[in-house]
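Below is one structure. I have some questions about it.
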Amino acid sequence: MTEIAKNIFTVGVKDWTLREFHGYSTPYGTTYNSYLIMDDVITLIDGVKAPFTAELIENIRHYALPEKIGAVVCNHVEMDHSGALPEILSLMPNAVVYCPEAGKKALQSHYDITNWNIKTVKTGDTLNIGKHSLTFVQAQMVHWPDSMMTYEAKEKILFSNDAFGQHVASDVVYDDEYGDCIFRHAKKYYANIVEPYGLQVKKVLGEAKKLDIAMIAPSHGLIWRSMIPQIVQKYDFWASYNFNPKKALVVYDTMWGSTEKMAKTVARAWSEKGLQVTLRSLKTAHISDVADDCAEARFIAFGSPALNGRILPEMGALITYLSGLGFKKKIGFCFGSYGWKANVLRDIQDALSNVGWLFPEEYVSQQYRPSEQDLKELFATACNVVR
Ligand code: FEO
């Protein structure tokens, strides 16, 4: 627990052992950040995941008796932030819960809120709690309909909830204590959580730019205080669906090595065309790491053999995942080996064409083992994709 500004404390928890977050691999764990403002109205901003409720209560007790808490800001109802609410609100009979209308509806769908005192707020509404005042900024679809941020004017802190977060548990609190590799975590987080909502992010950035911000305190990971211009600039870049025109990704799965041979051929072709190519096997790469690679690449090739008339299951999972994330401005290419059903790659091409990807060359299906001549032809086709 840390006093991040006078009378404003972190009371959230660290989840060091979390390794999966609804499909997102979290090898560094995560945190559920919660903040306590000690003022005339003691205010709690956001909660934690249900299994950590006792730890949150213990942290709050370090500064205040829970029954003395008068306001609870619920910036987002997803259960990693609201799971503790039923139990903590039962200890806070005087607390008013502040959330947007969509938040109230979501709370109603998650919990029995009969005895909760909920006050709905919207962008621009202000709550005075003594020396501090809180202004609410709705952030619909960044990344849920109820998402909201809360700005504390005295210390100029934006409690941004999921936005600007990173899935990383650490014993340090601030960006500058962690170092530049924080951006690697922020990038993967953006690609896997926020990517579909670029337009909404742009809108929220517009609101945020009107504020004088000294600190961005998200609900996951480290607090931004030294690298705010950099992370805001990166969000602006990512939300515009920008990409690195030199980056390419070749991702594949393989049964007996034929598709792997083809993947290496495509990677070599693109590399010789001057691209920086990342080669990922789905036997070792998690789909959320592939999504992270995908975010910055312009050209992405998918290789899968046929199995029972379908692509391999891990590739199927990846394509479902990427279709949902809706990466834009991408140029794709498909290849793979088959035994007796040649057109399984159509599933990949169709799924991604439906979300706007371009496939300038038809997929290349190779029966059983590719010969040297087959690989030469694949090389030429792959070159045509990026010409
Ligand atoms: Fe961190 Fe959308 O929950």
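These numbers come from the heavy atoms of this one structure, side chains and all, not from hydrogens, waters or symmetry mates. Counting starts at 1 for both ligands and their atoms, in listed order.
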- Main-chain N/O of Val173 paired with Glu177 side-chain donor or acceptor, under 3.5 Å: yes
- Query: Is the charged tip of Lys234 near the ring of Tyr190: under 6.0 Å from the six-membered ring centre and within 45° of its axis?
  - Reply: no
- Message: My understanding is that only one of Asn161, Thr150, Asp162 makes a side chain to side chain donor-acceptor pair (under 3.5 Å) with Asn75; could you say which?
- Response: Thr150
- Task: Identify whether the distance between the nearest side-chain nitrogen and carboxylate oxygen of Glu362 and Arg346 falls below 4.0 Å.
- Result: yes
- With under 30° as parallel and over 60° as perpendicular, where do the rings of Phe359 and Trp357 fit, or are they tilted in between? parallel
- Within 45 degrees of the axis of the six-membered ring of Tyr241 and under 6.0 Å from its centre: does Lys328 put its NZ or CZ there? yes
- Which protein atoms of type N, O or S are found under 2.8 Å from atom 2 (Fe) of ligand 1? His76 NE2, Glu78 OE1, His143 NE2, Asp162 OD2
